[in-house]
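Note that the numbering runs from 1 along the sequence shown for the chain.
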Amino acid sequence: MANAASGMAVHDDCKLKFLELKTKRTYRYIVYKIEEKQKQVTVDKVGEPGQGYEDFTACLPADECRYAVYDFEFMTKENVPKSRIFFIAWSPDTSKVRSKMIYASSKDKFRRELDGIQIELQATDPSEMDLDVFKSRAK
């Protein structure tokens, strides 16, 4: 179903892969991109469970917008392993204005399609989604 604000549809694969990440821990992260010609959000890249934060950030283009979901695992103060699912709206300052506008106008609808997001981050440069940011937000 297309979003009236941006006209973007969400490819079924986006939701299926997210469900696998959430329920089966099949992936560590999923990077999504908007295919302007098809007017829909599609899966760009997925990370295997053994991949880490550095692999994830290396997947994000320096000058193009993306959406991403990252399954962040951490230990609580009580030494209990936990995880939080982060939604990241990656919109680097160097990306095209049109691209930033399309991603911004489609974000809320797309995020609602992914049921189970726990924390949302908006990042325009890598420092805004540093590992310390994840740690401080995950508590």
Side-chain angles (χ1 to χ4, degrees):
M1 222 166 78
N3 175 354
S6 68
M8 288 300 152
V10 177
H11 193 280
D12 288 344
D13 206 29
C14 295
K15 292 181 264 189
L16 291 171
K17 293 251 188 298
F18 177 74
L19 204 58
E20 290 174 18
L21 176 144
K22 184 174 88 168
T23 58
K24 300 179 190 156
R25 301 285 191 241
T26 311
Y27 308 107
R28 167 70 56 212
Y29 59 85
I30 306 167
V31 178
Y32 302 95
K33 74 187 278 187
I34 290 177
E35 298 286 354
E36 267 195 78
K37 287 182 177 64
Q38 289 90 16
K39 292 201 176 311
Q40 71 176 349
V41 181
T42 60
V43 173
D44 188 26
K45 295 182 175 105
V46 294
E48 299 306 312
Q51 292 187 289
Y53 175 78
E54 291 77 20
D55 301 306
F56 165 63
T57 55
C59 281
L60 296 173
D63 55 0
E64 289 179 39
C65 299
R66 291 290 187 272
Y67 299 127
V69 172
Y70 185 78
D71 185 8
F72 179 68
E73 294 179 336
F74 63 100
M75 291 294 238
T76 64
K77 287 181 190 135
E78 298 78 30
N79 260 357
V80 179
K82 285 213 167 183
S83 78
R84 292 279 182 262
I85 298 175
F86 278 76
F87 177 86
I88 298 104
W90 173 243
S91 185
D93 292 329
T94 52
S95 57
K96 294 184 177 109
V97 171
R98 176 177 166 74
S99 178
K100 287 191 230 185
M101 288 172 61
I102 291 170
Y103 274 81
S105 66
S106 305
K107 182 185 79 158
D108 288 339
K109 176 177 184 293
F110 178 63
R111 189 189 174 293
R112 281 195 300 274
E113 296 279 338
L114 307 178
D115 186 37
I117 299 288
Q118 294 158 311
I119 301 164
E120 185 176 324
L121 287 179
Q122 178 82 36
T124 56
D125 83 47
S127 69
E128 293 175 2
M129 47 177 259
D130 190 70
L131 202 49
D132 290 337
V133 174
F134 277 81
K135 288 175 185 168
S136 69
R137 297 285 302 276
K139 295 177 175 130

Original post:
Which residue pairs pass the salt bridge (Lys or Arg N to Asp or Glu O under 4.0 Å) test when at least one of the two sits in residues 119-133, sequence neighbours left out?
Top reply: K107-E120, R111-E120

Subject >> Side-chain donor-acceptor contact under 3.5 Å, E48 with Y27 >> reply: no

Subject >> side chain to side chain donor-acceptor pair (under 3.5 Å) involving Q122 - partner list, sequence neighbours excluded >> reply: none

Original post:
Who passes side chain to side chain donor-acceptor pair (under 3.5 Å) against D44, sequence neighbours left out?
Top reply: R66

**OP:** Please name all residues satisfying side-chain contact (heavy atoms from CB on, under 4.5 Å) with E54, sequence neighbours left out, ordered by chain then number.
**Re:** none

Subject >> From I34 atom CD1 to E64 atom CD, the distance as rounded to the nearest 0.5 Å >> reply: 12.0 Å

Original post:
Using links of under 4.5 Å between side-chain heavy atoms of ILVMFWY residues, direct or through other members, which residues join F134 in one cluster?
Top reply: Y29, V31, Y53, F56, L60, Y70, F72, F74, F86, I88, W90, I119, L121, M129, L131, V133

Original post:
Who passes side chain to side chain donor-acceptor pair (under 3.5 Å) against Q38, sequence neighbours left out?
Top reply: none

Original post:
Quick one: does K17's side chain have a donor or acceptor within less than 3.5 Å of a partner on T26's backbone?
Top reply: no

Original post:
Who pairs with T42 by side-chain contact (heavy atoms from CB on, under 4.5 Å), at least two apart in sequence or on another chain?
Top reply: H11, K33, E35, Q40

**OP:** Only pairs at least two apart or in different chains count here, so list each salt bridge (Lys or Arg N to Asp or Glu O under 4.0 Å) that has a residue in residues 67-77.
**Re:** R25-D71, R28-E73

Original post:
By side chain to side chain donor-acceptor pair (under 3.5 Å), which residues pair with T94, not counting sequence neighbours?
Top reply: none

Original post:
Residues in side-chain contact (heavy atoms from CB on, under 4.5 Å) with K96, at least two apart?
Top reply: S99

Original post:
Can you check side-chain contact (heavy atoms from CB on, under 4.5 Å) on K22 and L114, steps first, answer last?
Top reply: CA-CA 10 Å; K22 184 174 88 168; L114 307 178; over 6 Å; no

Original post:
Taking only residues two or more places apart in sequence, or in another chain, which ones meet D93 in a side-chain contact (heavy atoms from CB on, under 4.5 Å)?
Top reply: T124

Original post:
Within the side chain of S95, is there an N or O that forms a donor-acceptor pair under 3.5 Å with the backbone of P92?
Top reply: yes

Subject >> Check against side-chain contact (heavy atoms from CB on, under 4.5 Å), M8 and I102 >> reply: CA-CA 9 Å; M8 288 300 152; I102 291 170; 3.8 Å; yes

Original post:
Other hydrophobic cluster members with M75, side-chain heavy atoms of Ile/Leu/Val/Met/Phe/Trp/Tyr under 4.5 Å, chained?
Top reply: none

Original post:
Picking from Y32, F18, F110, what satisfies ring-ring contact (aromatic ring centres under 6.0 Å, His included) with Y67?
Top reply: F110

**OP:** Without swapping roles, check the side chain of T23 against the backbone of L19 for a donor-acceptor pair under 3.5 Å.
**Re:** yes

**OP:** Rounded to the nearest 0.5 Å, what's the gap from CD on Q118 to NZ on K82? Could you check?
**Re:** 9.5 Å

